[in-house]
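To keep things clear, I will list the structure first and then write my remarks on it.
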Amino acid sequence: MILIIAGATCREALRSRSFLGLLALYCLGIGLARVVGWISPASDDVTTNLVLSLQSIVGVLVAVATGTALVHTEIKQRTLYTVLSRPLARWRFVVGKYLGLAAALVVGQGVMLGLGLTWLGATGAPLHSALVVAGLLTALEVLVMAAVALCWTALTSPLLAAALGLATYALGHAVATLPGMLPYLQGWRMTVAAAGASLIPNLGRFAYRNDAVHQVPLPPAELASAIAYGLLWIALLVTITVAVYRKKQL
Amino acid sequence: MSLSAGSVSDGIPDRLLASPTRAGILSASMADVLAFTDVSFSYRGDWLNRIRSLDTVSFAVPAGAAYGFLGANGAGKSTSIKLTVGLLAGQRGEIRLFGQPVGDERLRARVGYLPEQPYFYENLQVHEYLAYLGKLSGLRGPALRTAVDRVSELLDLAELARRKLGSFSKGMRQRFGLAQAIIHQPDLLVLDEPFSGLDPLWRARFKEVMAAERKRGATLFFSTHILSDVEDLCDHYAVIDHGKVLEQGRLDTLIGAAPLALTARGARPEGAEDLGDGTWRLLFPDSERGARLAALTASGAEILRLERKHIALEDYFVARVRAFHAAGRPMEATP
């Protein structure tokens, strides 16, 4: 049942105009990244960094936009009536919707990574396997952000959820700098800062882009840890969403 | 008068009629397919306010019946239906579906549901959407393909198989809505305002399809505020207003309660209406038929015609609801 829901959700998402529009935006962006690279001292590195960052930014925009609309639109437009009136538990519906969106996002990230690397290769920038690893970790970051958006929508309105989703993205990257700041904090302030940071996914764990450009290797254990960290956050956020929607009046 | 299932479904080719398999057999073994007992339900309003939608509603839909759920807009019809198909929960009282408490989602494998003004994913094509919903109802492989083809042809969707639902008109969406509701040959067909947005030809076709589903063994339960639909299709009815069931029962009992109208000429008895051409008409209940006829024959009156006066359900419904509003309380249910 979950896979059936996921399949339909993925098809619907991949055919939506906004999805294709953001892919077009990405194409425009990587074209401009080359122009920015030409006027920079380290031309190739800047271009490569911008192309990888665009994958993250466009991916997160897609994740937040579609994640906030995912279930809410179904409730508002009542498209879920013909689905939930079948022998289907609500938790399966929510998990299926997330997995379908995740599949569409993975396809989008794959297309963006492929286009980005092809463009970099065509313009003479050096290509290496670290760029692929960085792209894959970016895809995981986007999946975490989709779960964040989905969870915020369950708790509040879609517009506020989108704003909170983007705020979470900014805070998630800010949290990455916290370990360096903690020694400067004293007593309870350190405890509060550490506790607060633990409530937000540390998106810095997926930001391998800068190191990848400079071919700094990522130890396999660190890669595995980042993947496990991302999957745990996704599981937690989807579980919260399921708990909210389980009792929701439709 | 209600029409028989056979007479209405005659417009549908036999090859498109599903065989009366498990649906008829299972339904026939149970007394009531759906039963509400003292069900009350409130929606969450702003803050701590709650908006009461149903107030100790009780009714029962017998197996194999065609049950018309009548009520004005906002009467509580859709809320009752949403509770039945699991879209709402948290009611007080008891709802039993096929004899089981309604909370078990597995029961919904035997239910087909058409929402009021249905909306669908805009970017899915007709045939893949039907397959998707068929799969969710447990259909797989050749059975799924056969079911998709059958309902597509039944509701003239076969030529639109590759069209995306986003390009559909309201009437076309309604046709798709009925197709997805019957694709898995449900035992109970729950339809919320099924004739909304249909032209006269498609209203007739919908009635044929619904009658054919009933002939297969399905129980029909549908809401409407168009009373002629109930007269055409139903053998049971309930009237709901402001969250209360005002009355329920068999339609033939209601029709049978209509007085007899006797037209005659000759000595005019007290209470008879002069028709102006030397004839007169007298209304009296069916229970007085023997005594009245004997008395009139003895008085030398020439009886020209004896017929049952037609009750216009529309007038009856309006009168009952107005009486309810005037009394400020629900009326007693009829048997």
Side-chain angles (χ1 to χ4, degrees), chain A residues 1-21 66 69-97 99-101 103-104 107-108 155-157 242-250, chain B residues 41-44 51 53 78-79 81-91 103-125 128-140 164-166 173 176-181 183-184 186 190 192:
Chain A
M1 287 292 195
I2 290 173
L3 292 180
I4 296 168
I5 299 281
T9 305
C10 182
R11 261 198 301 273
E12 173 80 358
L14 289 176
R15 290 175 187 173
S16 69
R17 285 180 188 162
S18 56
F19 197 85
L20 296 172
T66 48
L70 194 65
V71 179
H72 184 268
T73 308
E74 293 240 12
I75 295 172
K76 197 177 174 190
Q77 295 187 344
R78 293 173 289 179
T79 46
L80 83 178
Y81 282 13
T82 53
V83 176
L84 285 183
S85 58
R86 293 175 195 271
L88 175 74
R90 286 193 184 184
W91 73 266
R92 289 180 199 272
F93 175 74
V94 174
V95 172
K97 290 300 288 183
L99 289 180
L101 174 62
V107 170
L155 298 169
T156 181
S157 70
V242 164
V244 174
Y245 279 118
R246 215 166 67 86
K247 294 286 180 188
K248 203 167 184 77
Q249 294 179 349
L250 301 175
Chain B
F41 183 81
S42 300
Y43 286 98
R44 282 190 208 103
I51 302 159
S53 180
S78 292
T79 302
I81 283 176
K82 284 180 184 176
L83 285 167
T84 301
V85 298
L87 296 175
L88 291 174
Q91 73 279 3
D104 185 349
E105 72 254 9
R106 288 171 299 183
L107 293 171
R108 298 202 289 268
R110 298 171 61 191
V111 178
Y113 169 53
L114 168 64
E116 184 183 10
Q117 296 177 347
Y119 283 89
F120 303 101
Y121 301 136
E122 295 190 344
N123 292 312
L124 291 188
Q125 297 169 348
E128 63 187 9
Y129 209 152
L130 283 173
Y132 165 57
L133 294 173
K135 276 183 202 167
L136 290 179
S137 288
L139 296 173
R140 297 287 187 277
K164 289 181 181 174
L165 272 288
R173 281 204 303 270
F176 180 84
L178 184 59
Q180 61 81 29
I183 192 168
H184 54 299
V190 180
D192 198 350

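First the proteins, then the strands, lettered A, B, ... as listed; each starts at 1.
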Q: Provide the closest heavy-atom pair for Asn123(B) versus Arg15(A) in the form atom of the first, atom of the second, distance.
A: O-NH1, 2.9 Å

Q: Would you indicate whether the side-chain heavy atoms of Tyr132(B) and Val83(A) approach each other to under 4.5 Å?
A: yes

Q. Would a 4.5 Å heavy-atom cut-off, applied to side chains only, mark Glu105(B) and Leu88(A) as touching?
A. no

Q. Side chain, backbone, both or neither: which part of Lys82(B) has a heavy atom under 4.5 Å from chain A?
A. side chain

Q. Which bit of Phe176(B) comes within less than 4.5 Å of chain A, counting heavy atoms only: side chain, backbone, both or neither?
A. neither

(Q) Less than 4.5 Å to any heavy atom of chain B: does that hold for the side chain of Leu14(A), its backbone, both, or neither? (A) neither

Rounded distance (nearest 0.5 Å) linking atom [atom1] of [X] with atom [atom2] of [Y]:
X	Y	atom1	atom2	answer
Glu116(B)	Tyr81(A)	CD	OH	9.5 Å
Gln77(A)	Tyr121(B)	CD	OH	10.0 Å
Leu87(B)	Leu80(A)	CG	CG	7.0 Å
Lys135(B)	Leu3(A)	NZ	CG	10.0 Å
Tyr113(B)	Leu84(A)	OH	CG	10.5 Å
Thr79(A)	Leu124(B)	OG1	CG	10.0 Å

(Q) Let's test your reading of the structure: which of Gly7(A), Ala13(A), Ser85(A) forms the most heavy-atom pairs below 4.5 Å with chain B? (A) Ser85(A)

**Q.** side chain to side chain donor-acceptor pair (under 3.5 Å) between Gln180(B) and Arg86(A), worked out
**A.** CA-CA 11 Å; Gln180(B) 61 81 29; Arg86(A) 293 175 195 271; 2.2 Å; yes

